[in-house]
Amino acid sequence: MGTPVLYDWLYLGFMGLLPLILHWFFIEWYSGKKSSSAFFQHITALLECTVAALITLLVNDPVGYLHIRSCGVEKLSDWYTMLYNPSPDYVNTVHCTQEAVYPLYTIVFIYYAFCLVLMMLLRPLLIKKIACGLGKSDRFKSIYAALYFLPILTVIQAVGGGLLYYAFPYIILVLSLITLAVYMSASEIETFKDLLVKKKRLVVLFSHWLVHAYGIISISRMDKLERDLPLLALVPGPTLFYLLTAKFTDPSRIRQEEGSGH
């Protein structure tokens, strides 16, 4: 048993960021544009997930330290040892399953459990104090959403943890590209000037760039820095491509050209 490699940590980071990103999404979705409580809820969600991650590391082997021991991953079947229980006499199955990828499989469940507990302890008190701009029925909708997506994430980890381990870098890149394109389209961002109008747009842009970089690092695994580090220069590429080509795909321009017979 040794220490997790960089790719293992990146996988755990991905699974740890999923609840936080979903928290932020539903907080923003249900808070409304005029609500001043969204910022404090975002900070609280970040605090909840950070504390949950620290506690999870502390309770895992070795207990009391912010690092873990890992058995390592060699192949996909290591994640599904319950499918390989032996049958010595070809009749009776010996149920002796062990976690071959310890603790990459179970540590995620522990983390989600702490996320749920901390959210139920902290968030309702905060919302009750500061969410005055929201109706009574809307105040706790972000919490209700978490009560749905946390069990869903748990089931996904239980069933598809091994698949996610190998696919998460590509999932990160694809989803971040789609969400960035949708956001820029919905916000009607077509020029560099449009990006600078609101600080929030820059925050969203830089957040996506960080996610892009995370995905690139996960795919390359940074085995050779002199080869892999230049790949990070591709991070702004999708944004530049969108801004340079947005004017050619503007629906109003296309309709105008069709109307003029061009």
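Heads up: numbering here begins at 1 and tracks the sequence.
Proximity of the aromatic rings of Phe149 and His23 is defined here by a centroid distance below 6.0 angstrom, and this criterion is met. When ring centroids are compared, Trp79 and Tyr11 come within the 6.0 Å threshold.
Ile43 contributes atom CD1, which lies 10.5 Å from atom CG of Leu126 (distance to the nearest 0.5 angstrom).
Here the side chains of Met15 and Leu18 are in contact, with some heavy-atom distance below 4.5 Å. In this structure, Ser185 and Tyr242 have side chains that are in contact, with non-hydrogen atoms separated by less than 4.5 Å. Counting heavy atoms from C-beta outward, Leu147 and Leu116 have side chains that approach closer than 4.5 Å. Between Ser142 and Trp29, every side-chain heavy-atom pair lies at or beyond the 4.5 Å cut-off. In this structure, the side chains of Tyr144 and Phe26 stay at 4.5 Å or more apart for every pair of heavy atoms. Residues Arg221 and Val5 have side chains not in contact (no heavy-atom distance under 4.5 Å, counting atoms from C-beta outward). Two residues are said to be in side-chain contact when any heavy atoms from C-beta on lie closer than 4.5 Å; Leu153 and Leu22 meet this criterion. A heavy-atom distance below 4.5 Å is not found between the side chains of Val211 and Leu180.
With hydrogens and angles left out, the side-chain atoms of Thr106 and Glu99 include a donor and acceptor closer than 3.5 Å. Side-chain contact, Asp61 with Tyr102: no donor N or O sits under 3.5 Å from an acceptor N or O. Between the side chains of Trp209 and Thr239, at least one donor N or O lies within less than 3.5 Å of an accepting N or O.
Residues Leu118 and Leu47 share a hydrophobic cluster, clusters being chains of Ile/Leu/Val/Met/Phe/Trp/Tyr side chains in contact below 4.5 Å. Using a 4.5 Å cut-off between side-chain heavy atoms of Ile, Leu, Val, Met, Phe, Trp and Tyr, with links allowed through other members, Phe25 and Leu150 fall into the same hydrophobic cluster. A continuous path of ILVMFWY side-chain contacts below 4.5 Å connects Ile156 to Tyr111, so both sit in one hydrophobic cluster.
Side-chain N or O atoms of Asn60 include none that pairs as donor or acceptor with a backbone N or O of Leu57 at under 3.5 Å. Side-chain atoms of Arg69 do not come within 3.5 Å of backbone N or O of Pro103 as any donor-acceptor pair. Asp228 contributes no side-chain N or O that, together with a main-chain N or O of Leu225, makes up a donor-acceptor pair within less than 3.5 Å. Distance alone, capped at 3.5 Å, is enough to place a donor-acceptor pair between the Tyr214 side chain and the Leu10 backbone.
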_Go through it in stages, so that I can follow the logic: the residues are Ser176 and His212, the test is side-chain hydrogen bond (donor to acceptor under 3.5 Å, both in side chains), and I'd like the CA-CA distance, side-chain angles, deciding distance and then a yes or no._
CA-CA 7 Å; Ser176 63; His212 292 167; 3.3 Å; yes
*After noting the C-alpha distance and the side-chain angles of Leu240 and Phe192, does the key distance pass the side chain to side chain contact (heavy atoms under 4.5 Å, CB included) rule?*
CA-CA 9 Å; Leu240 296 176; Phe192 292 98; 3.8 Å; yes
*Passes ring-ring contact (aromatic ring centres under 6.0 Å, His included), Phe140 versus Tyr30? Steps please.*
CA-CA 9 Å; Phe140 299 100; Tyr30 290 118; over 10 Å; no
*Under the side chain to side chain contact (heavy atoms under 4.5 Å, CB included) criterion, do Leu243 and Glu190 qualify, and how do the steps go?*
CA-CA 6 Å; Leu243 294 175; Glu190 296 182 355; 5.9 Å; no
*Give the intermediate values and the outcome of side chain to side chain contact (heavy atoms under 4.5 Å, CB included) for residues Met119 and Ile143.*
CA-CA 8 Å; Met119 180 193 69; Ile143 296 179; 3.9 Å; yes
*So Val73 and Tyr166, side chain to side chain contact (heavy atoms under 4.5 Å, CB included) or not? Walk me through it.*
CA-CA 10 Å; Val73 182; Tyr166 291 101; 3.5 Å; yes
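Relative orientation of the Trp24 and His42 rings is perpendicular, given thresholds of 30° and 60° on the angle between their planes. A tilted orientation is assigned to the rings of His67 and Tyr65, their planes being inclined by 30° to 60°.
At most 12 non-hydrogen atoms from other residues, nucleotides or ligands lie less than 6.0 angstrom from CZ of Phe241.
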